[in-house]
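Keep in mind that this is a model prediction, so the values were computed, not measured.
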Amino acid sequence: MPVITQKNATSDDIRLLYETVRIAHEAKEAGNHPFGALLADKDGNILIEQGNDHNEGGPAMHAETALMLKAGKKYSPEFLSTCSLYTSAEPCVMCSGAMYWTNVRRLVFGITESQLLSLTGSDDQNPTFDLPAVSVLSHGQKDLEVVGPVDDEALVRAIIEDHIGFWNN
């Protein structure tokens, strides 16, 4: 059975999550869904950034999946096992799987799928799964660390801001 360790966010985690807010905002400004993700090494250096880009791969090309596809081509599984995936919203089932298969062993996210569902509602553009990433990842065979949702009100407000008024328009 895998060990899924849940921890609290560090100040470095919060700093990097604010970067995902910037990336999500840039994605929204480019006409995409407001989600942002990044890959950081063990020292907190940003290696790859990715916002949602439906032009690149259609509705299944979520920021996290696109990021993991790039990371898997660029870095070895051994190196990726020391990296962290940072994302503004909890990864869906597909994106959690992409993280698992790419061998990234640490996930840090801002808001939960449930919080996202309360923002997207029944919008056909984002039929949100209400299935926590921990539930998905706990069915694998790898030890992983999950940090999130974060307990930082200003960060949560910043994440939510790009979603308000975006969905169900």
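Rounded to the nearest 0.5 Å, atoms CG (Asp151) and CD (Glu153) are 7.5 Å apart. With rounding to the nearest 0.5 angstrom, the OG1 atom of Thr20 is 5.5 Å from the CD1 atom of Ile159. Rounding to the nearest 0.5 Å places OG of Ser96 at 5.0 Å from CG of Leu137. With rounding to the nearest 0.5 angstrom, the CG atom of Leu16 is 10.0 Å from the CD atom of Glu49. With rounding to the nearest 0.5 Å, the separation of CG in Asp13 from OH in Tyr18 is 13.0 Å. Here the straight-line distance linking atom CZ of Arg105 with atom OG1 of Thr82 works out to 10.5 Å at 0.5 Å rounding.
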Next item on the list: Please test Glu64 against Thr87 for side chain to side chain donor-acceptor pair (under 3.5 Å), starting from the C-alpha separation and ending with a verdict.
Entry: CA-CA 7 Å; Glu64 300 90 343; Thr87 181; 2.5 Å; yes

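By the 6.0 Å contact criterion, NZ on Lys142 is enclosed, its count of non-hydrogen atoms from other residues, nucleotides or ligands being greater than 12. Within a 6.0 Å sphere centred on CG of Asn8, heavy atoms belonging to other residues, nucleotides or ligands number 12 at most.
Of the candidates Thr102, Thr65, Ile48, Leu47, Ile48 is the only one forming a side chain to side chain contact (heavy atoms under 4.5 Å, CB included) with Lys70. Evaluated for a side chain to side chain contact (heavy atoms under 4.5 Å, CB included) with Met68, the options Leu39, Asn103, Leu80 yield exactly one hit, Leu39. Each of His163, His54, His62, His25 was checked for a ring-ring contact (aromatic ring centres under 6.0 Å, His included) with Phe35, and the lone residue meeting it is His163.
In terms of heavy-atom proximity, Val156 sits nearest to Val150 at CG2-O, 4.0 Å. The two atoms that bring Ala66 and Met61 nearest to each other are CB-SD, 3.4 Å, heavy atoms only. Ala133 and Leu107 get closest at one heavy-atom pair: CB-CD2, 3.9 Å.
For Glu161 and Arg157, the salt-bridge test fails: no basic side-chain N is under 4.0 Å from an acidic carboxylate O.
Each of Val146 and Val93 belongs to its own hydrophobic cluster when Ile, Leu, Val, Met, Phe, Trp and Tyr are linked at side-chain heavy-atom distances under 4.5 angstrom. In this structure, Leu38 is a member of the same hydrophobic cluster as Leu155, with clusters built from ILVMFWY side-chain heavy atoms closer than 4.5 Å.
A cation-pi arrangement is not found for Lys28 relative to Phe166, the charged atom failing to lie both closer than 6.0 Å to the ring centre and inside a 45° cone about the ring normal.
For Tyr100 and His139, the ring centers are positioned 6.0 Å apart or more.
Judged by distance alone, the side chains of Tyr86 and Arg106 do bring a donor and an acceptor atom under 3.5 Å apart.
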